[in-house]
Amino acid sequence: MLLFKKIKDLQNHLSTLTGTIGFVPTMGALHTGHISLIAKSKEENEFTVCSIFVNPLQFNNTSDLQKYPRTLPSDMELLVSAGCDILFAPDASEMYPDTKEPELKFEVGALDSVFEGALRPGHFKGVAIVVHKFFMIVNPSNAYFGLKDYQQCMLIKKLVTDLKLPIVLHFEATLRENDGLAMSSRNTRLSDIARHKAIRIYEALQYAQAHYRTQNITMLEQRCKSWLDEEPLYRTEYFNIVNAETLLPLHSLAEPAVALCAAFVDEVRLIDNLVLN
Ligand code: PAF
């Protein structure tokens, strides 16, 4: 695997390649979910580029940014065993050489003000800026993202559509443990009892999927949220069934629908979602 830290060096190398490039952007601390995206890209492209960059623009507070795990040596080992061809791991000064905030002519719209956007103001704008910049640098044919970050996937879809970028997006299904819990690096922070209870989120999502056509949506959302919160370890932030593209309220059952959930399970914040139709 080749490692590049400078945009120019990466681009010089990419210009010598013939064949499709699959791109997997990450912030490092790689886990099975990321590696499955690399595997998918390898299956579908001649070359796979992974980026590792902890993007300061998508953090609302500096302490979260500082605490974000940086595990480049072990990430590189995982990428080498997965057969990744190229790793691009720039410094912040390489990505953002100017001190003034980079601009992007793209309206994030409602996606920035609901659910994760409402809880983390400016987060999705920061994601859009960095993903756009990476797309311009790497110029991939295909790009791969995990559906676990559903709202991020819809934002990137809007970015590519609005700016008419010639990139095919691939949103890969959430990997789940045997009992249905969505895989996440945060799961290791759950105590044994909290880990056991954490599957309630997926159970509530499945219940919503089974009943959203026949029950009043607001009551169903409320039922699922209350059922989660009946468990003393839970503090549910949201459980909503919304339009799967805009994440705005559903007006008709003919619209594509998704159920989105975020809950603290004993101090560990988990998110999950299920496309309903
Ligand atoms: O999902 C992530 O890891 C990040 O938000 C991304 C897409 C790499 C942008 O920094």
Side-chain angles (χ1 to χ4, degrees), residues 4 7 10 21-38 40-41 48-62 64-72 74-76 78-79 82 84 86-96 101-102 104 106 108 111-112 115-117 119-138 140 142-160 163 165 167-175 182-187 247 260 262 269-273:
F4 294 98
I7 297 171
L10 171 72
I21 293 177
F23 178 48
V24 182
T26 80
M27 296 210 298
L30 302 183
H31 53 70
T32 329
H34 297 112
I35 296 306
S36 74
L37 298 179
I38 300 283
K40 196 79 193 155
S41 168
T48 291
V49 178
C50 174
S51 65
I52 294 184
F53 177 61
V54 182
N55 174 30
L57 292 190
Q58 67 188 78
F59 286 82
N60 312 79
N61 76 56
T62 39
D64 281 355
L65 172 63
Q66 276 155 8
K67 280 196 297 206
Y68 199 85
R70 284 150 175 96
T71 54
L72 193 62
S74 55
D75 288 346
M76 284 181 62
L78 282 175
L79 289 172
C84 181
I86 295 166
L87 169 61
F88 179 45
D91 288 335
S93 58
E94 181 69 4
M95 289 297 281
Y96 303 122
E101 192 177 306
L104 175 62
F106 161 70
V108 179
L111 286 172
D112 203 26
F115 305 112
E116 296 304 304
L119 295 163
R120 302 165 74 184
H123 166 74
F124 285 117
K125 193 167 166 238
V127 172
I129 288 172
V130 82
V131 169
H132 179 256
K133 198 154 185 168
F134 275 128
F135 283 171
M136 294 301 108
I137 295 169
V138 178
N142 297 291
Y144 297 81
F145 297 87
L147 265 178
K148 168 131 189 313
D149 292 313
Y150 190 88
Q151 193 164 353
Q152 172 168 281
C153 289
M154 290 310 108
L155 170 92
I156 292 163
K157 188 172 176 182
K158 186 171 186 306
L159 175 82
V160 165
L163 301 184
L165 304 180
I167 297 169
V168 180
L169 294 174
H170 302 258
F171 299 138
E172 302 299 329
T174 303
L175 295 185
M183 284 189 189
S184 160
S185 44
R186 290 172 178 228
N187 295 352
L247 307 195
L260 301 171
R269 186 173 188 272
L270 300 179
I271 58 168
D272 200 354
N273 64 79

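Order of appearance sets the numbers: ligands from 1, and atoms from 1 within every ligand.
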**Q.** Interatomic distance, Ile35 atom CD1 to Leu175 atom CG [nearest 0.5 angstrom]
**A.** 11.0 Å
Q) Roughly how far, to the nearest 0.5 Å, is CD of Glu94 from CD1 of Ile7? A) 4.5 Å
Contacting atoms of ligand 1, where contact means under 4.0 angstrom from a heavy atom of [X]:
X	result
Val130	9 (C), 10 (O)
Thr26	8 (C)
Gln58	4 (C), 5 (O), 9 (C), 10 (O)

**Q.** Under-4.0 Å heavy-atom contact with ligand 1, by part of Ile156 that carries it
**A.** neither
**Q.** Taking atom 5 (O) of ligand 1 as the reference point, the nearest protein heavy atom with its distance
**A.** Gln152 OE1, 2.7 Å
**Q.** Geometric N/O contact Asn55 with ligand 1, under 3.5 angstrom
**A.** no
Q. Who's closest to atom 3 (O) of ligand 1 heavy-atom-wise, of Lys133, His123, Met27, His34?
A. Met27
**Q.** Salt bridge Glu116-Arg269, side-chain N to carboxylate O under 4.0 Å
**A.** yes
Q) Would Asn187 and Leu270 satisfy side-chain contact (heavy atoms from CB on, under 4.5 Å), going step by step from the backbone distance to the final call? A) CA-CA 8 Å; Asn187 295 352; Leu270 300 179; 3.8 Å; yes
**Q.** Tyr144 side chain reached by Thr48 side chain, heavy atoms, under 4.5 Å
**A.** no
Q) Would Tyr96 and Asn55 count as having a side-chain donor-acceptor pair, cut-off 3.5 Å? A) yes
